[in-house]
Each structure stands twice: as C-alpha cells, then as structure tokens.
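Quick note on labels: first sequence line is chain A, next is B, and so on, each numbered from 1.
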2 protein chains.
Amino acid sequence: MKHSEHRAFSCNKGGHQICIAEAVQVAESLCRQRKQRFTSIRRRVLELVWHQHKPIGAYQVLEALQQEGRAAPPTVYRALDFLQQMGLVHRIASLNAYVGCAHPGAPHDGQFLICESCKALAELDAAEISNAIEQSADRSGFKPHRQTVEIMGLCPRCR
Amino acid sequence: MKHSEHRAFSCNKGGHQICIAEAVQVAESLCRQRKQRFTSIRRRVLELVWHQHKPIGAYQVLEALQQEGRAAPPTVYRALDFLQQMGLVHRIASLNAYVGCAHPGAPHDGQFLICESCKALAELDAAEISNAIEQSADRSGFKPHRQTVEIMGLCPRCR
DNA sequence: ATGATAATGTTATATTATAACGTTTCAATT
DNA sequence: AATTGAAACGTTATAATATAACATTATCAT
C-alpha cells in the first residue's frame, strides 16, 4: 500500500497523526497526569497551532486570539512556552514558527520535513537520523543533548 | 592519536580548519573565480565572523563595524547575505547567528555541533547524516532540498 | 477563609531583519 | 579618457519576532 509510506503527511485516518480534537484530549490528559494546568488560553493556543497542519507564527496566533478578545504577545509566548515544555508543540527554528507535536507523551526533539511549495510539515522520529547524528557527534568527541533537524523540500503531493 | 578525532573543534594545525587569514584568502580567490566583488565591507564582515570560532550575531558584527566608522543594519545583512550565497558563511537558525564556513568551495548545508557551555561550534559534513536524512525523507515520499541540522550539547573540552 | 503559588494582564522595550530609495563605485565599452 | 549600466552602498524608516518588568487575578492546599 503505497499511500501508507506517505502517512507522515496525511492526517487522521489510519495513522498515528493526531488531529485537533484528539490533540486537545491528549494534552488534557498529559497535563492532568503531570499536575499542570491546561487553562483555556493554553487550550485555545493549542487548537490554533493544530488548526492548520502547517507551522504557524506566534503573531498569527496572537491575531486569532485578538479576534476573540484582548491579548498581547506575552500571552501567546507564555502559552507556547508551556506547550513546548509539555512536549505538545515544537518550535521550527528555521521558520520562527510553531507546530503541534505529532508524538506527544514523551518530550523529544522531532525531525521535520517542510514542503517549500505548500508549507505542509511532517514530523519524523527517525532513529536512523538520531543515530547517525549521535555517532557523528561521538566521533568528534561531542556529547549531543538536543537536536534541530529541519528538512526543506517537496512533499509527496507537490513533488 | 585521540586528538585527531576531535579536530572538528580544533583550529589551524593539522586539519582542514581554515582560520581567519586563510578564510579571507580563500574567499578572495573564490570571488575572483566567480567574478564577484570581494569588497572591503565584505572582507571585513568575513573577518569579524571568523574572529571568534563561535557564532556571531548580525548586530555584534554591526557594533564592531560602527567602531570603525558609520554603519547600519542593511550593510551587515547585505554582506552576510552575499557571503552566504558564496558559501563562505553559514547562518545558524537556532541561534540567529552566523559562522564562517569550514569547507568553502562548493556551497552546501553544513551540520553543526554547538557547545552549550562554551558556545564553540564545529561544522560537520557527515555523509552518514545526510544519507540517513535522505533515506528517511524518501520513505515519506519527500524530496529533500535543503537541511538544517544543529546539534546542541557539550564539546570535547566541556563535557 | 487564608495564604502561597501559578497564571494572566498590561505596558514597554529588546532583538533580529527588511523595505524603499537615493547615491556612489566599478568595470566594460566606446 | 568619457560614457554608461549594473552592482554595491548609505540612509532612514519600519517590520517581525520575542522578552522584561510589574501589577492583578485565579487556583490550590491547607
């Protein structure tokens, strides 16, 4: 089944992709477990981050919040920081943007495939890549701690 | 010779590391080959980027330039853009900072090891990593084009 | 109910980067 | 040497991203 190979970019059906309602449920559950408050702002920001399956900028989130009432940058950044600490959201450094974590539960650095054409993003968690990184680092006497891996290119639909 | 394994973080002797004067010479030569102008601003910015073997921010470069005369942000960003296009400087997305390219000649995306303690940076060009990325991307039907790989951790001296 | 802690509101500002437009420099040709 | 067209640079303003600092409110454990 060829399509299954592309599930990194698909959503909902048949995969481990978590969509907006599911993402919120998982978040709620994880926060409860960890005795952290999943406040309405945090929930709303998580929803907005998941709203498109593309990275979203902090100020785009802010705009959306402002249409529902007052809000200022710190509100957004605090919520995003919290969600990142909970491992529910990743920051994409090369885009200054944020995306919902596809594999929450255990905090981790993801690896990201980002389509230069349609801006869609898929999160990988390829041990193959992590291992290659770890081994190469080791050979330089370097002890890796955190990795940023962001691959720009063309997604299956756009290539 | 254990130290040779660590040459990614060393400088000058016995390795392919290029230090400030060498970097300028190589740059001069490459620009001449490509019929590009290696102006005094571009030279000076390249020197400043190489001055420490650590990533440097655009505004730090600016400050240095301003101590030698007038300068404004566009001056720095233009020079940095040019140097990046020539493959002489890399931008480190996770730091919003710039670093001299250790392997100029053919433009490429490097992979970077960044020490969280002393801020030293080493550039890798590990085929092992690129291959792992390419294969993982392939399996998702993704055609990679450009990669950002930035590993934070502890360098040999600080670990 | 009370007090401690965490979360949020609010204002201001820091940091990084680019837009827009006029001027200068440079090198190729006349 | 003068001309000219393109590239580089100067300058001012502003955009885009992110944080500092401090007052206020909400929540939880007692």
remark   = To the nearest 0.5 Å, atom CZ of A:Arg91 lies from atom OG1 of A:Thr148 at 9.5 Å
inquiry  = Between A:Arg157 and A:Cys118 (side chain of the first, backbone of the second, donor and acceptor by atom type, cut-off under 3.5 Å), is there such a pair?
reply    = no
request  = Return the nearest nucleotide to the side chain of B:Pro74; candidates are C:dT16, D:dA18, D:dT11.
outcome  = D:dT11
query = Expressed in angstrom and rounded to an integer, what is the separation of A:Asp81 atom CG from D:dA18 atom C1'?
reply = 10 Å
note = So the ring-ring contact (aromatic ring centres under 6.0 Å, His included) pairs with at least one residue in residues 55-76 of chain B (sequence neighbours excluded) are none
task = Indicate the atoms forming the closest heavy-atom contact of A:Phe142 with B:Gly153, along with that distance.
result = CZ-N, 3.3 Å
request  = Would you indicate what B:Phe38 reaches in the nucleic acid, counting non-hydrogen atoms under 4.0 angstrom: base, sugar-phosphate, or nothing?
outcome  = nothing
task = Would you kindly give the CD-to-P distance between A:Gln36 and D:dC28, to the nearest whole Å?
result = 12 Å
Distance-only donor-acceptor pairs under 3.5 Å for side chains of residues 69-81 of chain B, two or more places apart:
unit_1  : atom_1 : unit_2  : atom_2 : d
B:Thr75 : OG1    : B:Ala72 : O      : 3.4

query = Looking at side-chain heavy atoms only, is the closest gap between B:Glu150 and A:Glu150 below 4.5 Å?
reply = no
request  = Let me know the distance between CD1 of B:Ile92 and P of C:dT15, rounded to the nearest Å.
outcome  = 21 Å
key: Heavy atoms of other groups near B:Gln25 CD, more than 12 under 6.0 Å   = no
note = Taken to the nearest whole Å, CZ/A:Arg42 to C1'/C:dA7 is 6 Å
task = Would you kindly give the CD-to-C1' distance between A:Glu63 and D:dT17, to the nearest whole Å?
result = 14 Å
query = Going 5' to 3' along nucleotides 21-30 of chain C, which nucleotides have protein heavy atoms under 4.0 Å from the base (write B), which only from the sugar-phosphate (write S), and which from neither (write -)?
reply = -----S----
message = Angle between the end axes of the helix from C:dA1-D:dT30 to C:dT30-D:dA1, five pairs per end, to the nearest 10 degrees?
response = 30°
query = Expressed in angstrom and rounded to an integer, what is the separation of B:Ile56 atom CD1 from C:dT15 atom P?
reply = 15 Å
inquiry  = Taking B:Gly141's backbone N and O only, do any of them form a donor-acceptor pair with A:Arg159's side chain (distance below 3.5 Å, no angle check)?
reply    = yes
request  = Could you check which residues of residues 107-119 of chain A get a heavy atom under 4.0 Å from DNA chain D? Sort them by number, please.
outcome  = none
query = Is B:Tyr59 side chain donor-acceptor paired with the C:dA14 base, going by distance under 3.5 Å alone?
reply = no
inquiry  = Measure CG/B:Asn96 against P/C:dA14 and give the value in whole Å, please.
reply    = 18 Å
query = If you look at every heavy atom in A:Asp109 and A:His145, which pair is closest and at what distance?
reply = OD2-O, 4.3 Å
task = Using only side-chain N and O atoms of A:Arg70, determine if any of them is under 4.0 Å from OP1 or OP2 of C:dG9.
result = no
query = Does B:Thr39 have a side-chain nitrogen or oxygen under 4.0 Å from the phosphate oxygens OP1 or OP2 of D:dC9?
reply = yes
key: ring-ring contact (aromatic ring centres under 6.0 Å, His included) partners of A:Phe112, counting only residues at least two apart   = A:His90
message = Donor-acceptor check, side chain of A:Gln111 to backbone of A:Ala126, threshold 3.5 angstrom: yes or no?
response = yes
ask   = Tell me: CG of A:Leu95 to P of D:dA16, nearest whole Å?
value = 16 Å
query = So does A:Tyr77 get a side-chain nitrogen or oxygen closer than 4.0 Å to the phosphate oxygens (OP1/OP2) of C:dA7?
reply = no
query = A:Pro73 or B:Ala58: which one's nearest nucleotide on DNA chain C is closer to the 5' end?
reply = A:Pro73
key: Exercise: identify the closest heavy-atom pair between B:Glu123 and B:Ala102   = OE1-N, 2.9 Å
